[in-house]
Amino acid sequence: MKIEKNIVFITISSFAFISFLVAFLFINPVLHYSEQQIAWLKGIHFFKYYLTYPGGLAEYFTLFISQFFHSKWIGSVIVSVFPLLTVTFLVNTLYTRIKAVFLPVLFIPLIQVSVLSLMSDYLFNFSMVINLFIISLFLYCCFYAEVRLKLNLYFSLIPSLFIIYIVSGGVYFLIFTLSAILLLFHKPDRSKQLLAATIAILSVLIPWFSWKFIFLTTLEHAFLRSVPDVAPMLRYSKPTLFLVTLGFIPLIIAVNLIAEILKSSGKKKTKKNTLPPAKTNIKKLLPLLLQTAGILVFAFASFYYSHKPQEKLKAEIKLSASQNNWDDVLLKYPKVEGYDRTVNFQFNRAIAHSGQMLEQLFNYPQVLGTQGLFLDRPFTSEVALPNSDLYFDLGNIDESQRFAFESQTLMAYSPLVLKRLILNCLILEDYEAAKTFSNVLNENPVENDWLKKYEIVMENPVKATENKLIAEKRNIFTRQGGLFFT
């Protein structure tokens with residue numbers, strides 16, 4: 001058993017290392033940070049909002065963790081470590097509760113593989129990984145307390161139901177209850193059968209009662225919420241692989257229960273024989289080899305179909321534009337297949353900033369004419385922030401500010417939106433408003449370095465003339481006619 005357990009941990013640790021390499025070399029968590037506009041604030045008001053609905057605490061913790069996607073190294077470590085911790089707690093739960101056999105336990109790396117494939121979508125919210133980690137942690141603690149500390153499961157599982165619902169909510173609460181019930185089916189006595197029935201009843205009553213009397217939420221969210229409610233352009237589509245991954249924990253537990261039953265029945269049959277059947281080394285290794293091959297095939301297939309290099313390329317172009325790295329935009333746009341309006345938009349901005357408008361304007365197909373640069377029509381939530389950037393480039397700060405406020409209604413704490421609002425306020429000499437927005441951004445630890453560059457202007461407005469960007473935009477904005485006479 002000890003050798004088998006060591007092989008399992010070596011396997012999942014190896015997959016964690018592979019996950020780090022894939023995340024660092026192919027996925028790049030920085031793109032998740034920029035695409036989702038991840039923002040965690042340390043203020044109490046920000047925290048209080050996540051107490052208003054079930055699952056809010058897990059989403060709050062997710063934002064705290066995923067803000068470190070700002071760093072490619074740290075983000076890649078996070079992507080590999082949390083799935084590893086999830087499967088580690090699950091393995092220990094299986095060994096603690098049902099003394100899981102070797103064969104089905106090796107299917108556990110499928111969780112790591114699926115998470116890695118899901119990360120290929122840059123709108124995938126990491127909250128699912130955090131919630132699966134929380135579920136596996138609570139399962140392990142409850143059954144460890146029963147086996148090692150002799151604590152009755154009534155005093156661990158029942159309180160855990162309420163905690164899990166408040167912390168994770170929705171579908172993750174149902175995953176926890178189903179997993180707990182399955183684990184109770186291993187050698188159930190009358191007490192465990194009664195506990196399983198109680199958990200099944202509470203799995204319906206707790207969400208219904210919270211919807212009816214406690215939280216202001218819909219009945220569907222009370223039972224089935226699985227991703228955060230975000231701005232329309234940031235919503236995750238929840239593909240089939242996402243839904244399958246949600247069921248992996250109870251599925252793995254069920255497979256191990258079946259394997260344990262088959263193992264027990266096999267032992268009863270061998271007791272009738274005087275000599276146990278001999279097992280060759282090949283027969284011992286065959287299940288391991290088959291599982292390893294199956295996991296590798298699943299890993300390759302899921303990542304192959306999930307990984308979309310073109311979507312990554314578009315996200316990289318968008319990130320480079322937000323960082324004013326126009327040379328990188330001009331380097332990457334030829335690799336984009338087909339026509340894309342956002343790439344057209346960023347390409348037009350890049351050649352304007354780099355002074356190559358006349359030379360390169362038609363190097364990218366301008367099939368939409370002026371609407372390839374001015375995204376006002378049709379007006380949708382996706383174009384608010386790009387429009388704000390464009391009008392800022394052109395020196396029309398009033399219009400840039402209008403679109404920035406439109407963006408803020410959808411992404412109140414977005415670092416890009418707050419930085420645009422602060423900079424526009426400084427150009428417009430609205431220092432009080434700039435301080436208001438900077439107080440919000442100051443609670444975001446990742447953005448403190450950017451804020452320090454402009455705090456001196458807010459504290460001493462005379463210094464604004466020494467800032468090249470502010471001085472340039474003020475000069476354009478104060479000309480008669482604004483945009484149209486420059």
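Residue numbers run from 1 in the order of the sequence given. Note that the structure is a prediction, hence the values are computed from the model and not measured.
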Donor-acceptor check, side chain of [X] to backbone of [Y], threshold 3.5 angstrom: yes or no?
X	Y	answer
Thr93	Tyr140	yes
Ser414	Gln37	no
Tyr172	Ile135	no
Gln67	Phe64	yes
Asn442	Ser438	no
Ser306	Phe303	no
Thr52	Lys48	no
Ser156	Leu153	yes
Ser168	Tyr165	no
Arg97	His186	yes

*Kindly state whether the ring of Phe124 and the ring of Tyr236 have centres lying under 6.0 angstrom apart.*
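Ring centres of Tyr236 and Phe124 closer than 6.0 Å.
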_Aromatic ring proximity Tyr33/Phe69, centre distance under 6.0 Å_ =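 Between Tyr33 and Phe69, the centre distance exceeds or equals 6.0 Å.
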What I want to find out is whether [X] reaches [Y] closely enough, with some N-O distance under 4.0 Å, to be called a salt bridge.
X	Y	answer
Lys335	Glu316	no
Lys314	Glu337	no
Glu220	Arg225	no

*Any chance you could measure Leu174, atom CG, to Ile164, atom CD1, to the nearest 0.5 Å?*
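Going from CG on Leu174 over to CD1 on Ile164, the span is 11.5 Å.
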*side-chain hydrogen bond (donor to acceptor under 3.5 Å, both in side chains): which pairs involve residues 73-87, sequence neighbours left out?*
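Sorted pair list comes back empty.
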_Run Tyr413 and Gln408 through side chain to side chain donor-acceptor pair (under 3.5 Å) and show every step you take._
CA-CA 7 Å; Tyr413 302 109; Gln408 195 191 29; over 6 Å; no
_Quick one, Phe437 and Leu441 - any side-chain contact, counting heavy atoms below 4.5 Å?_
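The answer is no, as the side chains (C-beta and beyond) never meet within the 4.5 Å cut-off.
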*Reference residue Val81; test side-chain contact (heavy atoms from CB on, under 4.5 Å); the match among Ile78, Leu85, Val79*: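 Among the candidates, only Leu85 passes.
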*With a distance cut-off below 6.0 Å to the six-membered ring centre and an angular limit of 45° from the axis, does Lys312 pair with Tyr122 as a cation-pi contact?*
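The answer is no, since Lys312 fails at least one limit relative to Tyr122.
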*Steps toward side chain to side chain donor-acceptor pair (under 3.5 Å) verdict (Asp189, Ser191)*: CA-CA 5 Å; Asp189 53 24; Ser191 175; 4.6 Å; no
